[in-house]
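Below is one structure, written out as structure tokens; the observations come after it.
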Amino acid sequence: MLDLKFIRENIKKVNKGLKNKGEKISLDELLQLDGERRKILVEVENLKYRRNKASEEIGKLKREGKEIKESIGEMQKVSERIRELDDKLKELQEKTKSLLLMIPNLPHESVPVGKTPKNNKVIREGKPQKKKFNFEPREHWEVGESLGILDFPLASRISGTRFALLKGKGARLERALINFMLDLHIKGGYKEILPPFMVTGESMMGTGQLPKFSIELYKCKDDDLYLIPTGEVPLTNLHKNQIQKEKDLPLNYVAYTPCFRREAGSYGKDTKGLIRNHQFNKVELVKFTKPEDSYGELETLVSDAEKVLELLEIPYQVVALCTGDLGFGAAKTYDLEVWMPGENRWREVSSCSNFTDFQARRINIKYKKEGTGTLEYVHTLNGSGIAIGRTFAAILENNQTEKGTVVIPKILQPYMNGLEIIDRD
RNA sequence: GGAAGGGUGGCCGAGCGGUUGAUGGCGCUGGUCUUGAAAACCAGUUUCCGAGUAAUUGGAACGUGAGUUCGAAUCUCACCCCUUCCGCCA
């Protein structure tokens with residue numbers, strides 16, 4: 001959520017940011033409602049002032065045992081008028097708020113301007129080199145299915161399309177990845193959280209999934225509960241309605257969670273394998289920082305996520321998203337993409353974003369400045385550290401051998417009971 | 001799901017129709033005292049939305065929402081959450 005006052009005073013800047021983000025929403029209605037709201041606010045507050053004074057007077061007279069009569073009749077009329085104006089005010093406030101909730105965050109000035117992913121910029125490539133294969137590398141689902149560690153037909157018999165089922169060493173590998181990443185980030189100074197995987201609508205509102213993107217969410221029929229589409233939601237809501245101490249910032253959290261996404265509108269896209277499923281595992285990183293530190297912390301966040309790929313020895317690149325490709329709440333985003341030799345393309349495994357005060361304003365997370373004692377919104381950041389399913393797929397594709405086996409990355413072997421190679425059972 | 005009790009400021013805890021944004025305590029901040037610290041004492045210590053260049057000033061908030069009233073933290077209703085007990089259950 002943007003600051004209404006900021007919008008009022010920086011219309012040009014806001015419009016430019018919205019345009020760069022490819023957002024066609026108009027501010028006219030919002031500003032008009034806001035003007036009307038403030039006009040009525042002044043009027044009703046004056047009336048309330050009158051009423052408060054009169055009530056005070058009546059109280060005094062009553063205590064002295066004197067008669068009151070005529071002033072009460074007059075106050076009845078005033079109160080009625082106040083009620084009318086309050087109703088009107090409430091209506092205006094709700095409209096204003098709901099418009100405000102539909103406005104995305106503005107891009108940071110360092111974000112490349114552009115409309116489509118084609119305008120994204122590759123910032124750097126990771127250390128691990130792309131491997132040369134002396135055979136035609138296969139796609140991960142072929143590798144996995146022939147090893148008997150992935151079973152998509154079975155998954156779809158149980159749950160329909162876009163689900164995966166891991167078996168034996170596959171299930172073990174998935175679990176190894178989760179533990180390895182958690183351990184790595186805990187060592188890096190993140191506090192581990194195991195949050196609920198279902199959250200209220202209010203929490204979804206806080207991080208920005210609602211009201212605009214309800215189509216992407218699984219909602220429980222009889223309760224106001226949603227399955228989380230990312231660990232970002234429970235983690236960012238951790239400090240809802242709280243005031244932090246300046247010296248406690250930044251706060252760093254890591255959590256493993258499954259993620260649930262309807263993937264509406266992606267019919268026919270990536271229908272095979274582990275790339276775009278309704279349920280996948282992810283290790284998520286979230287930071288709460290001081291505003292002046294947030295862009296520096298974003299760089300740290302990205303390199304913390306990169307470390308995972310470096311240690312797993314998977315080739316990757318860091319991409320800065322252009323304005324048009326940024327998510328709703330993000331001011332700046334870096335994606336990490338891994339090389340998939342079987343598919344012969346890059347695939348996103350992590351998205352690290354600075355949300356500035358956009359989410360903090362929605363869920364009301366502030367911090368107290370030490371010198372002045374004033375309150376300010378914190379900045380929130382999050383990034384995958386990293387997506388497990390796609391990493392699993394990348395390992396199968398990058399580490400496959402001509403015989404069809406898969407070499408387990410060294411760093412994971414202790415998590416696999418020393419196993420070095422996955423072959424057919 | 002049923003029953004009972006409860007939700008008040010950073011925390012504890014009063015208040016149960018009329019200067020109560022809210023006694024008191026703890027904590028925190030500043031000061032006095034002290035070589036320094038502690039103790040003691042004094043003072044300060046919620047947030048949001050407006051008006052105004054500003055000093056300043058108005059309004060709102062006691063789980064949430066509605067209602068009664070000239071006036072509600074205090075009364076009524078609905079909902080949410082917490083605690084305990086019962087039922088069910090991994």
Side-chain angles (χ1 to χ4, degrees), chain A residues 1-9 30-101 194-206 210 219-226 234 237-249 251 258 288 357 360-378:
Chain A
M1 192 163 66
L2 299 181
D3 182 14
L4 188 51
K5 220 179 288 172
F6 177 85
I7 297 177
R8 218 186 277 150
E9 287 159 12
L30 179 73
L31 291 168
Q32 190 240 321
L33 285 173
D34 178 50
E36 205 176 322
R37 186 195 120 242
R38 279 180 299 151
K39 215 175 89 194
I40 291 178
L41 190 62
V42 170
E43 187 182 347
V44 76
E45 283 184 354
N46 285 333
L47 288 175
K48 282 182 180 172
Y49 177 65
R50 259 180 71 192
R51 186 179 69 183
N52 286 345
K53 285 279 172 246
S55 286
E56 206 176 299
E57 194 62 23
I58 290 170
K60 202 187 285 172
L61 290 175
K62 206 162 183 196
R63 248 174 289 125
E64 289 164 4
K66 288 179 185 157
E67 275 298 304
I68 317 144
K69 54 191 186 227
E70 87 255 24
S71 46
I72 288 191
E74 196 195 331
M75 280 305 111
Q76 274 169 339
K77 275 184 212 130
V78 171
S79 273
E80 200 169 310
R81 177 75 182 141
I82 287 175
R83 214 163 304 156
E84 278 168 31
L85 289 174
D86 266 345
D87 284 348
K88 179 92 182 145
L89 202 57
K90 209 183 146 206
E91 195 192 316
L92 285 168
Q93 258 154 1
E94 271 164 18
K95 269 194 201 160
T96 310
K97 180 92 188 274
S98 66
L99 283 177
L100 218 43
L101 285 174
L194 187 61
F197 303 153
M198 301 168 91
V199 302
T200 59
E202 193 187 286
S203 294
M204 287 293 186
M205 195 74 79
L210 289 178
K219 177 166 194 320
C220 296
K221 186 167 162 287
D222 294 324
D223 301 285
D224 175 35
L225 286 173
Y226 297 79
N237 276 286
L238 240 128
H239 293 295
K240 176 155 50 184
N241 287 324
Q242 278 185 3
I243 296 168
Q244 308 303 322
K245 288 182 188 140
E246 181 171 358
K247 67 173 164 57
D248 292 340
L249 300 177
L251 290 159
F288 299 84
D357 60 356
R361 200 180 292 283
R362 287 183 169 223
I363 33 186
N364 190 27
I365 308 175
K366 298 182 171 176
Y367 79 103
K368 196 171 208 159
K369 299 191 97 166
E370 243 139 54
T372 54
T374 52
L375 295 177
E376 221 173 297
Y377 286 106
V378 301

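Predicted model only: the values in this text are computed from it and were never measured. Just so we're on the same page: letters track the sequence lines, and every chain starts at 1.
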Assign [X] to base, sugar-phosphate, or nothing according to its heavy-atom contacts below 4.0 angstrom with the strands shown.
| X | value |
| --- | --- |
| Lys39(A) | nothing |
| Lys53(A) | nothing |
| Arg37(A) | sugar-phosphate |
| Gln76(A) | sugar-phosphate |
| Leu375(A) | sugar-phosphate |

Taking OP1 and OP2 of [N], is either one under 4.0 Å from a side-chain nitrogen or oxygen of [X]?
| X | N | value |
| --- | --- | --- |
| Arg8(A) | G50(B) | yes |
| Arg51(A) | G71(B) | yes |
| Ser79(A) | G71(B) | yes |
| Asn52(A) | G59(B) | yes |

Which donor-acceptor pairs under 3.5 Å do the side chains of residues 196-204 of chain A make with protein atoms, sequence neighbours left out?
from: Thr200(A); atom 1: OG1; to: Ser203(A); atom 2: N; distance (Å): 3.3
from: Thr200(A); atom 1: OG1; to: Ser203(A); atom 2: OG; distance (Å): 3.4
from: Glu202(A); atom 1: OE2; to: Lys240(A); atom 2: NZ; distance (Å): 3.4
from: Ser203(A); atom 1: OG; to: Lys240(A); atom 2: NZ; distance (Å): 3.2

Can you give me every donor-acceptor pair (side chain of residues 88-96 of chain A, partner residue at least two apart or in another chain, under 3.5 Å) with its distance?
from: Thr96(A); atom 1: OG1; to: Leu92(A); atom 2: O; distance (Å): 2.6

**Request:** With P as the reference atom in both, quote the distance from C11(B) to G59(B) in angstrom, rounded to an integer.
**Result:** 27 Å
**Request:** For A66(B) and A61(B), measure between their P atoms and round to the nearest Å.
**Result:** 11 Å
**Request:** Please list, chain by chain and in numerical order, all residues satisfying salt bridge (Lys or Arg N to Asp or Glu O under 4.0 Å) with Lys39(A), sequence neighbours excluded.
**Result:** none
**Partners meeting salt bridge (Lys or Arg N to Asp or Glu O under 4.0 Å) with Arg81(A) (sequence neighbours left out)** = Glu43(A), Glu84(A)
**Request:** Could I get the full list of side-chain hydrogen bond (donor to acceptor under 3.5 Å, both in side chains) partners for Lys48(A), not counting sequence neighbours?
**Result:** Asp86(A)
**Request:** Please list every stem that involves RNA chain B, where a stem is a run of 3 or more consecutive Watson-Crick or G-U wobble pairs with both pairing distances under 3.5 Å.
**Result:** B:1-7 with B:80-86, B:10-12 with B:24-26, B:27-32 with B:40-45, B:46-51 with B:56-61, B:63-67 with B:75-79
**Prompt:** To the nearest angstrom, how far is Lys366(A) atom NZ from U47(B) atom C1'?
**Reply:** 7 Å
